[in-house]
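Residue numbers count from 1 along this sequence. In listed order, ligands and their atoms are each counted from 1. Side-chain atoms are counted along with the backbone in the values below, which use heavy atoms only and exclude waters and symmetry mates.
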Amino acid sequence: MNAIRYDFRSDTVTKPSAGMRAAMAAAEVGDDVFGDDPTVNRLEQRMAGMLGKDAALFVPSGTMSNLLALMSHCGRGDEFIAGQNAHCYKYEAGGAAVLGSIQPQPIAHRADGTMELNDIEAAIKSGDSHFATTRVIALENTFGGRVLPVAYMKAVAEIAGRHGLGLHLDGARAFNACVALGLDIKDFAAPFDTVSICLSKGLGAPVGSVLVGRGDLIETARRNRKMLGGGLRQSGVLAAAGLFAVEHNVARLADDHRRAKALAEGLARHEALRVTMPDTNILWIDMDAALGERFTAYLGENGVGITGRYGQQRWVSHLDAGDADVAAALALVDRFFS
Ligand SMILES: *Cc1c(COP(=O)(O)O)cnc(C)c1O
């Protein structure tokens, strides 16, 4: 594998811009474990206000944010319902089970990424002592870059409300969804008790996520963040990057979405590639497995970074990959197929 020149592996590869670094360097800081880092406090208040929630908590990663949310909703031996391919079930090293003693109840996805409402409802356990007690339903939006409908989120919220369950949103890329929908993040977040948002993906901050939600749940999360080793000290240096990100890098997500579409259209010119048109900044392509192996290897050898295996590729656009990178990558793709 040669050095990556055109990096479409993930939006997590974005590096802090000069403006963001300047904001970090100038950040006023204190000891956040004592609650006196003014920049962290400002980020938390800002995010709570943006989402229309009581409180927010700055945390080192999206994985910790989801875990803290589940630990706020659930006690030992309780259960959370999530999609079979949900990040908080499948891609977080089993943290809820290992660290929270919380049992997952995964549910199959329909082709559009949603879960069948009847399946969710049927999985909710009664008070019978055979069962772990269901406490929360976790949704994810965007889900693999796909925007799930607001009506779906509201329908799941209705089920959660009827059964007295909490509702969590893994909104790692919630701003991508809102930009694609033309919706205010406050309206998007409204059905949820807790929402986790990544600053370190398309928003371009180097580190950090924010868990936003109901005051009592965030208070519990603050205690558990300390327990998990996520209590940071002069983290205002990092929070300053987050503030810069939400102030400067939200509306421009539309550029990433436009570039993902341009990539999709360029790739779709090749008949062997089955391209799913992206809703946001993540593009999926399916192809014959043998072709996939050759094509993925070729891209790697030619400095195009993507993730792929078993005849599937994922391309992710982001603020450090501009129009010229898209054009250069597509030219290399054309050369492979010519
Ligand atoms: C990236 C991601 C996370 C976790 O974020 P990390 O900061 O990498 O731990 C959680 N959920 C979704 C949907 C993600 O894409």
ask   = Do N302 and R335 meet the criterion of a side-chain donor-acceptor pair at a distance under 3.5 Å?
value = yes
ask   = Is the side chain of E293 donor-acceptor paired with the backbone N or O of G311 at a distance under 3.5 Å, no angle test?
value = no
query = Who's touching ligand 1 if we go heavy atoms under 4.0 Å?
reply = S61, G62, T63, N66, H87, E92, E140, D170, A172, R173, C198, K201
ask   = Does the side chain of H168 pick up a donor-acceptor pair with the side chain of T194 at under 3.5 Å?
value = yes
request  = From the options N281, N176, T280, select the one residue that forms a side-chain contact (heavy atoms from CB on, under 4.5 Å) with L253.
outcome  = N176
Side chains of D128 and H130, donor plus acceptor under 3.5 Å = yes
ask   = Is there a donor in the side chain of H73 and an acceptor in the side chain of D78, or the other way round, less than 3.5 Å apart?
value = no
